[in-house]
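Notes follow once the structure below has been shown.
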Number of protein chains: 2
Amino acid sequence: MVQAKSDLFNADLNERAMLFKALAHPARLRILQFLAESESCITGDISDELPLSRTTVNQHIKELKEIGLIQGQIDGVRTKYCLCKDKVEELKVALQEFIDNLDINNYKCK
Amino acid sequence: MVQAKSDLFNADLNERAMLFKALAHPARLRILQFLAESESCITGDISDELPLSRTTVNQHIKELKEIGLIQGQIDGVRTKYCLCKDKVEELKVALQEFIDNLDINNYKCK
DNA sequence: TTTATTTGACGCAAATATACGTCAAATATT
DNA sequence: AATATTTGACGTATATTTGCGTCAAATAAA
């Protein structure tokens with residue numbers, strides 16, 4: 001990258017793009033789905049659920065954790081993960097805003 | 001990639017991830033925004049709007065076109081772009097579904 | 001204490017994404 | 001006809017993502 005990436009676009013746009021990027025892989029979507037459904041949310045259980053190595057799954061978990069969508073709680077040698085309520089709410093608002101912005105009748109080409 | 005990517009996850013998950021990926025760059029979000037607001041939607045006008053070279057913008061436009069969110073209409077030497085109504089509606093439904101799936105009270109960690 | 005589990009950090013290779021210059025084709029303008 | 005504009009295809013360089021094996025640390029089990 002030649003230029004400072006973060007300066008090229010406004011902050012809102014950058015942040016929204018990052019949110020979408022966090023959701024842009026089926027493994028990460030599956031992890032979120034699993035956490036939304038599951039009773040237990042141990043790292044190992046999540047790995048077992050996905051057709052990827054534990055290491056790779058761990059990396060996806062890390063990404064979701066870094067963006068704040070999930071959180072981990074150490075429980076002995078294990079780590080329990082779950083959806084982070086606040087961030088999920090934030091995500092919902094962002095998605096709704098995005099949808100609303102596209103809600104126009106400006107389809108000039110058709 | 002060692003394995004066949006498309007077989008690892010179910011089709012819905014893959015397709016949704018692809019949609020999110022299309023939205024995972026500020027330039028592409030800006031293009032959608034611009035098309036939603038703009039009267040004119042000529043390729044050149046879009047490039048002028050973004051802090052990237054025309055070539056790069058063109059590439060982002062191509063991605064959005066390939067996933068079906070926008071469509072182009074040749075008008076002499078120019079090309080007019082606009083949001084593709086049907087796909088935008090589809091996107092809205094997908095986002096809403098995604099939101100609904102996360103709408104749980106299963107926050108075990110907190 | 002010794003051995004087994006579970007986890008995350010680290011490093012590496014391959015695949016993709018991003019950014020951009022150049023070029024040729026098509027159309028407009030002169 | 002000659003020149004200018006607009007566009008997309010192509011090639012290329014760099015950055016990032018993805019996937020995974022190995023390893024050490026922490027805890028649990030024997």
Checklist line | Short side-chain to backbone donor-acceptor contact, A/Arg28 and A/Ala22, under 3.5 Å | finding: yes
Check: Heavy atoms under 4.0 Å, any strand shown: does B/Glu63 hit a base, just sugar-phosphate, or nothing?
Finding: sugar-phosphate
Next item on the list: Following the transitive rule for hydrophobic clusters with a side-chain heavy-atom cut-off under 4.5 Å over Ile, Leu, Val, Met, Phe, Trp and Tyr, establish whether A/Leu35 and A/Ile42 coincide in one cluster.
Entry: no
Notebook entry, point to check: Within less than 4.0 Å of OP1 or OP2 of C/dC20, is there a side-chain N or O belonging to B/Ser53?
Noted result: yes
Item checked: Integer-rounded Å distance: C/dG8 C1' and A/Ile61 CD1 -> 11 Å
Checklist line | Sugar-phosphate, base or nothing in reach of B/Ile42, heavy atoms under 4.0 Å | finding: sugar-phosphate
Checklist line | Between P of D/dT6 and CG of B/Asn58, the distance in whole Å | finding: 14 Å
Notebook entry, point to check: Does any N or O in the side chain of A/Asn14 come within less than 3.5 Å of the main-chain N or O of A/Phe9, such that one atom is a donor and the other an acceptor?
Noted result: yes
Next item on the list: Write down the distance between CG (A/Leu23) and P (D/dT18), rounded to a whole number of angstrom.
Entry: 12 Å
Checklist line | Atom pair distance, as rounded to whole Å: NZ in B/Lys62 and C1' in D/dT7 | finding: 13 Å
Notebook entry, point to check: Between A/Arg28 and A/Asp75, which has a closest nucleotide on DNA chain D that is more 5'?
Noted result: A/Arg28
Next item on the list: Specify the separation, in whole Å, of atom CD of A/Gln59 and atom C1' of D/dT16.
Entry: 12 Å
Item checked: Expected output: side-chain B/Thr79 to main-chain B/Asp75 donor-acceptor under 3.5 Å -> no
Margin query: I want to check one thing: is the phosphate of C/dT16, taken as OP1 and OP2, less than 4.0 Å away from some side-chain N or O of B/Lys21?
Written below: no
Note to self: What is the distance, to the nearest angstrom, from the CD1 atom on B/Ile70 to the C1' atom on D/dG8?
What the structure shows: 13 Å
Check: Looking only at side-chain N and O atoms, does A/Thr56 come under 4.0 Å of OP1 or OP2 in D/dT18?
Finding: no
Notebook entry, point to check: B/His25 side chain N/O closer than 4.0 Å to the phosphate oxygens (OP1, OP2) of C/dA19?
Noted result: yes
Checklist line | Donor-acceptor pair present, A/Arg54 side chain and D/dG19 base, under 3.5 Å | finding: no
Note to self: Can you classify the ring geometry of B/His25 versus B/His60 as parallel (below 30°), tilted (30 to 60°) or perpendicular (above 60°)?
What the structure shows: tilted
Check: Between A/Arg78 and A/Thr55, which is nearer to the 5' end of DNA chain C once each is assigned its nearest nucleotide?
Finding: A/Arg78
Next item on the list: Respond yes when some side-chain nitrogen or oxygen of B/Thr43 is under 4.0 Å from OP1 or OP2 of D/dT7, and no when none is.
Entry: yes
Check: Just how far, in rounded Å, is C1' of C/dT6 from OH of A/Tyr81?
Finding: 12 Å
Note to self: I want to verify a distance call: between D/dT5, D/dT18, C/dT18, whose nearest atom is closest to the B/Val77 side chain?
What the structure shows: D/dT5
Check: What integer distance in Å separates A/Arg30:CZ from D/dG19:P?
Finding: 15 Å
